[in-house]
Protein chains: 2
Amino acid sequence: MTVPRVALTVDLVVLTVREQRLSALTWRRDRDPYDGCWSLPGGFIQLDEDLPVAASRLMAERAGLADVRIHLEQLATYGYPDRDPRQRVVSVAYLGLAPDLPASSRAQVLWRAVAELTAERAAFDHRRILRDGVERARAKLEYTSLAAAFCPAEFTVAELRRVYEIVWGTPLDPRNFHRKVTGADRFLVATGRTTTRDGGRPAQLYRRGDAEQLRPPMLRPRS
Amino acid sequence: MTVPRVALTVDLVVLTVREQRLSALTWRRDRDPYDGCWSLPGGFIQLDEDLPVAASRLMAERAGLADVRIHLEQLATYGYPDRDPRQRVVSVAYLGLAPDLPASSRAQVLWRAVAELTAERAAFDHRRILRDGVERARAKLEYTSLAAAFCPAEFTVAELRRVYEIVWGTPLDPRNFHRKVTGADRFLVATGRTTTRDGGRPAQLYRRGDAEQLRPPMLRPRS
DNA sequence: TCAAAAGTGTTAGCGCTACACCCATGA
DNA sequence: TCATGGGTGTAGCGCTAACACTTTTGA
């Protein structure tokens, strides 16, 4: 029996919060198909390469985010036959959550607001993949400590709260939020230092703790 | 640039509750590699076939579960280079949750208890895939109405509770469970009929409602 | 002195846990 | 009549939402 073979790519949904907006790393296509459209950074997998290794390699090569500790997890695999008009390509999407970093110096690689991207024409099924990644991120903020992956190494409770508010698109009560996250076991580690970079009374600076789960969860307010 | 191509398979983690145990559908291998080991039912994807379509086809061809309404969702993709000793094979795993059905009439296809399978040698990385599927199912019972996918078309609250108890491996309080699931919006639809098949006072028969989320969630008791 | 943001206290209400208790059947 | 499981009531408690209030800074 002959076994059909397909081309396999890894595509990256890399999200961050910058300029008060949830943003994703995009690659501007400069050739057909989809010339001029945005796409997700990605590329073909090597024959001797594990999937997470390929994701890290492409994060460095295509996204310009080498040697940066970024949370990376597998999102889903997309493989309907006509998603690439040239040939059968199956794509394993990875979701990355990053602090607000300068991306690649290439003009082709840009952070762009998710709200804009979903209103624009995208290459292939990348709008769908982006939407799935955003929804995964929104859901995971509820019951994991991943929100801190959007923050720099040291951050205040208010900065962490802004991450939740921007990713979810809902305001949260600053006082209840503060009690909740500072009370959660191993979510935050106090550094002892303070900052006034947000104005007002000085705020404690925290680092990420080693908790992965958030129990009880921080539930999104329902509309 | 030449694009490397890989063989792509779909593997199925099909779970059910039967004889008081969480069980999975297995395929007994009768050739090398891994001759005599259990494996997950699966097979190569066709070149013109979408991934969920391949999963449904293999559910019929390999698992003997054709034309059965079974919940099927993508689980994850496994692709480290040596997982198949013969050639590079990347596998997209799907998770299926089924009521207690007779599987294929082939002797090669068997329902087997998960507890036994994880103690035995499995083909390829199928033990790992099975474990991931079981963990996904356990987690989804908490915040979705998927437990009913393990039940026949009509079932009692106690039968639904047994699903939770067996999948999670923890006893639940029958009275609180009853209040919780009958109070949840659109989780269950009363048929008006009753049954005494479990002994004691007649129990209401229910059908699945159209709710997908369970809010608030049914949290596993913590040890 | 004022505005702004950090952080604490307080209260009402909801949902969960634990268990007492009653109900309806088969044997 | 008894055993068995179905189903309801209820008290206590932890968590949450809502918001009043105090603290500490920069301007």
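Reminder, nothing fancy here: chain letters follow the sequence lines and each chain counts from 1.
At a threshold of 4.0 angstrom between heavy atoms, the contacts of Arg215(A) with the nucleic acid are absent. Across all strands shown, Asp173(A) has heavy atoms under 4.0 Å from base atoms, whether or not it also approaches the sugar-phosphate. Among the heavy atoms of the strands lying under 4.0 Å from Asp198(B) are primed sugar atoms or P, OP1, OP2 only; no base atom is included. Arg161(B) comes within contact range of the sugar-phosphate backbone alone, with a heavy-atom separation under 4.0 Å but no base atom that close.
Here the nucleotide nearest the side chain of Pro216(B), chosen from dC16(C), dC15(D), dA18(D), is dC16(C). Ranking dA20(D), dG7(D), dA17(D) by closeness to the Arg175(A) side chain, first place goes to dA20(D). Nearest nucleotide to the side chain of Arg179(B), out of dA18(C), dC15(D), dC19(D): dA18(C). Ranking dG26(C), dT16(D), dT8(C) by closeness to the Thr196(B) side chain, first place goes to dG26(C).
Asp132(B) and Tyr78(B) form a side-chain donor-acceptor contact under 3.5 Å, judged by distance and modelled atom types alone.
Below 30°, between 30° and 60°, or above 60°: for Phe124(B) and His126(B) the angle between ring planes is between 30° and 60°, a tilted geometry.
The shortest distance between side-chain heavy atoms of Leu101(B) and Thr16(B) does not fall below 4.5 Å. Side chains of Leu25(A) and Leu12(A) form no contact here, defined as non-hydrogen atoms less than 4.5 Å apart. Using a 4.5 Å heavy-atom cutoff, the side chains of Thr194(A) and Leu205(A) are not in contact.
For the pair Gln204(A) and Leu219(B), both in contact range of DNA chain C, the more 5′-proximal nearest nucleotide belongs to Gln204(A). DNA chain D is contacted by both Pro202(A) and Thr156(B); Thr156(B) maps to the nucleotide lying nearer its 5′ end (nearest heavy atom per residue).
Applying the 3.5 Å distance criterion, the base of dA24(C) shares no donor-acceptor pair with the side chain of Arg201(B).
The distance from atom CZ of Arg197(B) to atom P of dG26(C) is 15 Å, rounded to the nearest whole Å. Per the geometry, OH belonging to Tyr206(A) stands 11 Å off P belonging to dA6(C), to the nearest Å. When rounded to the nearest whole Å, the span between CG of Asp185(A) and P of dG14(D) equals 17 Å. The distance from atom CD of Glu142(A) to atom P of dT16(D) is 13 Å, rounded to the nearest whole Å. What separates CZ of Phe177(A) from P of dC15(D) is a distance of 18 Å, to the nearest Å. Atom C1' of nucleotide dG7(D) and atom CG of Leu160(B) are separated by 15 Å, given to the nearest angstrom. In this structure, Met218(B) places its CE atom 9 Å from P of dC16(C), rounding to the nearest Å. Whole-Å rounding puts the Asn176(A) CG to dG13(C) C1' distance at 14 Å.
Regarding contacts with the backbone of dC15(D), every side-chain N or O of Lys180(A) stays at 4.0 angstrom or more from both OP1 and OP2. Distances shorter than 4.0 Å separate none of the side-chain N or O atoms of His178(B) from OP1 or OP2 on dG6(D).
A salt bridge (Lys or Arg N to Asp or Glu O under 4.0 Å) with Glu135(B) is found for one member of Lys140(B), Arg128(B), Arg220(B) and no other, namely Arg220(B).
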